[in-house]
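Each chain gets a letter, A, B and so on, in the order its sequence line appears, and its residues count up from 1.
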Amino acid sequence: MPIRFFNTLTRTKEAFEPLEEGKVRMYTCGPTVYNFAHIGNLRTFMFEDLLRRHLKYRGHAIHHVMNLTDVEDKIIRACRETGEPLKSLTAKYVQAFFEDLDTLGIERAEAYPAATDHIAEMVELIKTLREKGHTYDVDGSIYFKLSTFPQYGRLSHFDMEQLKTGASGRVDSDEYETEDARDFALWKAYVEDDGEVYWETELGKGRPGWHIECSCMSMKYLGESFDIHCGGIDNMFPHHENEIAQSEAATGRPFVRYWLHSAHLFVENRKMSKSLGNIYTLRDLVAKGHNPRAIRWALISTHYRQPSNFTFEGLAAAQEALNRIRDFRIRLAEIKGDGTDLASEVETCERAFGEALDDDLNISGALAAVFEFIRDVNRLLEKSEAGVAGAQAALALLDRLDAVTGLFGAPEPEETPQAILDLVMERQQARRGKDFKRADAIRDQLAAEGWILEDTADGPRVKRG
RNA sequence: GGCGGCAUAGCCAAGUUGGUAAGGCAGAGGCCUGCAAAGCCUUCAUCCCCCGGUUCGAAUCCGGGUGCCGCCUCCA
């Protein structure tokens with residue numbers, strides 16, 4: 001079975017075949033660095049991480065580019081309001097962005113080009129569009145003339161006529177200085193509100209429009225045609241539609257083969273909004289004591305095209321699921337002696353896992369395969385039928401699947417403090433003396449300090465609660 | 001007004017070339033244990049928003065209806 005993705009362009013699942021066999025070129029719309037990323041942003045980055053990891057798992061070499069939007073209306077407004085220069089403002093949030101990626105265990109892309117490092121390339125692209133008759137100027141700004149690109153709307157399946165007449169009256173054409181309300185800016189002429197943010201170029205004094213950076217940087221690093229382009233569903237229109245128009249009008253070649261869009265994240269059944277005060281950043285959640293890996297689980301465990309609802313109840317359930325995996329790993333690591341090598345269980349699990357993800361990244365099916373494996377192996381462990389070889393095979397499997405999901409790896413090793421070990425020892429002595437009252441009191445004390453004590457056939461075991 | 005999506009157990013969530021409802025969390029009973037914990041076993045939707053239809057058979061197809069949501073304007 002080939003890998004299949006739901007392509008927004010065709011609205012169907014299609015077998016995935018990269019342009020160059022064994023090598024995947026993908027571009028994902030990155031953060032606008034004027035703020036900390038919220039968990040909705042991170043959900044999309046998480047989906048893209050799963051996508052690249054699964055493609056790697058299936059043996060593809062990945063060339064993944066994610067842009068950093070570091071000049072744009074909202075950033076400029078933030079500069080104006082805070083008095084902070086553009087560069088220092090964006091540098092701060094670029095750093096925060098990478099910290100968040102690390103916290104969640106999101107793999108790094110191969111390149112993170114920043115818009116402000118590519119002004120010259122954008123100017124060239126706009127010049128090309130101008131030479132080919134796709135632009136017009138108004139007061140020093142340059143616009144893309146949509147009427148020269150009749151294929152517009154193919155991705156979002158909007159009809160040009162509808163866009164013109166529709167919009168429920170919310171588009172007031174008087175606000176626009178364009179010839180047609182649908183036309184968008186490639187280059188914005190300098191205005192006083194832009195402050196220090198401008199470039200003196202052949203196109204005049206000003207700054208690039210938002211859409212041009214993605215056309216420019218994706219084609220620079222991945223070629224005029226490449227395999228996959230991702231982003232949040234809200235970017236489908238107009239951003240990605242505009243990217244297609246700019247790129248294909250300039251090159252005359254098909255821009256992107258597979259478009260993948262992720263659905264939005266809700267918080268406790270509500271859309272995130274400032275007025276509801278439910279815009280969570282990763283840092284908020286970590287500061288409240290939530291385990292980053294549980295957050296990762298919560299954000300990744302709903303299929304990417306399905307709207308997902310982030311709740312604290314769900315986060316707790318994610319932590320429980322993670323605990324089950326952790327305990328399974330502990331149990332495997334303690335196995336001694338001979339027994340089955342678990343070859344058939346490992347094979348069954350890995351096949352089901354892989355096939356689920358091959359089917360448009362069906363994460364639910366993949367997770368189910370792992371839990372079925374855990375139950376099957378625990379059953380054998382219960383009957384003492386698994387041996388060291390089997391345990392090693394099972395742990396190796398979890399490590400392989402962890403490379404795809406970042407959910408099944410060994411937790412950070414944690415030293416048990418000597419004081420805790422002393423208490424465990426003292427309890428053992430109490431138990432040997434049948435002083436169960438004392439033993440239970442010590443166990444309660446350990447629990448109060450966050451340590452769970454379990455008595456096993458091989459003696460006591462302590463772990464973090 | 002136009003375009004599009006979703007509705008499956010207490011919660012989360014798979015499942016459409018139709019064939020008799022994955023998995024996780026929570027809950028109940030049991031085994032194990034000094035007692036626990038972990039693990040295992042059993043149990044937890046005669047039914048998949050509602051009403052019709054097609055079919056030997058539909059959560060999956062068709063028609064109608066209800067509810068929720070998104071996009072059409074910056075937005076992951």
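- The same atom, P, is picked in B:rC3 and in B:rG65; the two are 15 Å apart, to the nearest Å.
- Of the charged side-chain nitrogens involved, none lies within less than 4.0 Å of a carboxylate oxygen, so that A:D455 and A:R461 do not count as a salt-bridged pair.
- The residue A:R427 sits close to a base: some heavy atom pair falls under 4.0 Å.
- Both stacking criteria are satisfied for A:F436 over the base of B:rG34: a centre-to-centre distance under 5.5 angstrom and an angle between ring planes under 30 degrees.
- Rounded to an integer number of Å, the gap from A:I325 CD1 to B:rG39 C1' is 15 Å.
- Look at the C1' atom in both B:rU20 and B:rG27: the space between them is 27 Å, to the nearest Å.
- Taking atom CG on A:L367 and atom C1' on B:rC12, their separation rounds to 12 Å, with Å as the unit.
- Atom pair A:I363:CD1 and B:rG24:C1' shows a separation of 12 Å (rounding to whole Å applied).
- Taking atom P in both B:rC25 and B:rG19, the straight-line distance is 28 Å, to the nearest Å.
- A salt bridge is defined here as a Lys NZ or Arg NE, NH1 or NH2 lying under 4.0 Å from an Asp or Glu carboxylate O, and A:E414 with A:K463 fails to meet this definition.
- Counting non-hydrogen atoms under 4.0 angstrom, A:A317 reaches the backbone sugars and phosphates but no base.
- Of the charged side-chain nitrogens involved, at least one lies within less than 4.0 Å of a carboxylate oxygen, so that A:R4 and A:D359 count as a salt-bridged pair.
- At whole-Å resolution of the value, CZ in A:R4 and P in B:rG15 are 11 Å apart.
- A stacked arrangement is not assigned to A:H38 and the six-membered base ring of B:rA76, the conditions of a centre distance below 5.5 Å and an interplanar angle below 30° not being jointly met.
- Between the side chain of A:T44 and the base of B:rA76, at least one donor-acceptor pair of N or O atoms lies under 3.5 Å.
- The same atom, P, is picked in B:rC44 and in B:rA22; the two are 12 Å apart, to the nearest Å.
- By the 4.0 Å N-to-carboxylate-O rule, A:R108 lies close enough to A:D102 to be salt-bridged with it.
- Distance noted for atom P between B:rA9 and B:rC51: 16 Å (whole Å).
- Of all nucleotides present, none satisfies the Watson-Crick or G-U wobble test against B:rU33 with each distance under 3.5 Å.
- Rounded to a whole angstrom, the distance from the P atom of B:rG23 to that of B:rA36 is 28 Å.
- Protein atom CG of A:L357 is 12 Å distant from nucleotide atom P of B:rG15, rounded to whole Å.
- For A:Y152 and A:F158, the gap between ring centers reaches or exceeds 6.0 Å.
- With hydrogens and angles left out, the side chain of A:R443 and the base of B:rA36 share a donor-acceptor pair within 3.5 Å.
- Between A:R324 and the phosphate of B:rC40, there is a side-chain N or O to OP1/OP2 separation shorter than 4.0 Å.
- On the C1' atoms, B:rA45 is 11 Å away from B:rA59, given to the nearest whole Å.
- Of the candidates A:R25, A:R52, A:H64, A:R52 is the only one forming a side chain to side chain donor-acceptor pair (under 3.5 Å) with A:E110.
- Across the strands present, B:rC3 finds its partner in B:rG70; the criterion is a Watson-Crick or G-U wobble pair with both atom distances under 3.5 angstrom.
- Rounded to a whole angstrom, the distance from the C1' atom of B:rC68 to that of B:rG57 is 32 Å.
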